[in-house]
Amino acid sequence: MEARGIPTTLVITEPFAPIVAGFAPTVGMEDYRASIAVPHRVSTMDDDELRKLAESVIDQALACLTDQLTSEPSVATSQSVPGQRIRSA
């Protein structure tokens with residue numbers, strides 16, 4: 001979608017951040033920065049927990065979609081916070 005000019009934001013859980021960082025360059029997206037890492041195990045969250053998680057990252061997701069990110073992204077780690085942005089390593 002990005003290649004077609006449609007902004008996207010990838011919301012992933014923390015353990016998958018290194019995979020995204022490593023894969024993005026292989027498909028020509030070396031500068032891809034629209035990933036948001038959230039804590040792992042969203043599958044065990046109930047509706048209220050998921051709603052709170054979504055609310056905690058919605059502004060960042062909108063910023064990714066409108067290309068208004070202002071801070072330098074960082075690589076997500078197990079100590080990352082909800083909504084931490086990641087980039088290619």
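Below, all heavy atoms of this structure are taken into account, side chains as well, without hydrogens, waters or symmetry copies. In this chain, numbering begins with 1 at the start of the sequence shown.
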Shortest non-hydrogen pair, Gly5 vs Pro7, comes out as O-CD, 3.4 Å
Is there a side-chain contact between Thr13 and Pro39 (heavy atoms, below 4.5 Å)? no
Let me confirm one number: the NZ-CG distance from Lys52 to Asp47, rounded to the nearest 0.5 Å. 12.0 Å
In Å and rounded to the nearest 0.5 Å, what is the CE to CZ distance from Met29 to Phe23? 10.0 Å
Transitive ILVMFWY side-chain link Met1 to Leu65, under 4.5 Å: no
Spell out, yes or no, whether Ile6 and Leu10 are grouped together once hydrophobic residues are joined by side-chain heavy atoms under 4.5 Å, including indirect joins. no
Rounded to the nearest 0.5 Å, what separates atom CD in Gln60 from atom OG1 in Thr9? 9.0 Å
Heavy-atom closest pair (His40 atom, Glu14 atom, distance to 0.1 Å) is N-OE1, 4.2 Å
Would you compute the distance between atom OG of Ser35 and atom CD1 of Ile12 and round it to the nearest 0.5 angstrom? 5.0 Å
Identify the two heavy atoms, one from Cys64 and one from Ala34, that lie closest to each other, and give their separation to 0.1 Å. SG-CA, 3.9 Å
Side chain to side chain contact (heavy atoms under 4.5 Å, CB included) between Met45 and Leu53, worked out: CA-CA 9 Å; Met45 292 182 175; Leu53 179 60; 4.0 Å; yes
Point-to-point distance, once rounded to the nearest 0.5 Å, from CG of Leu50 to OG1 of Thr44: 8.5 Å
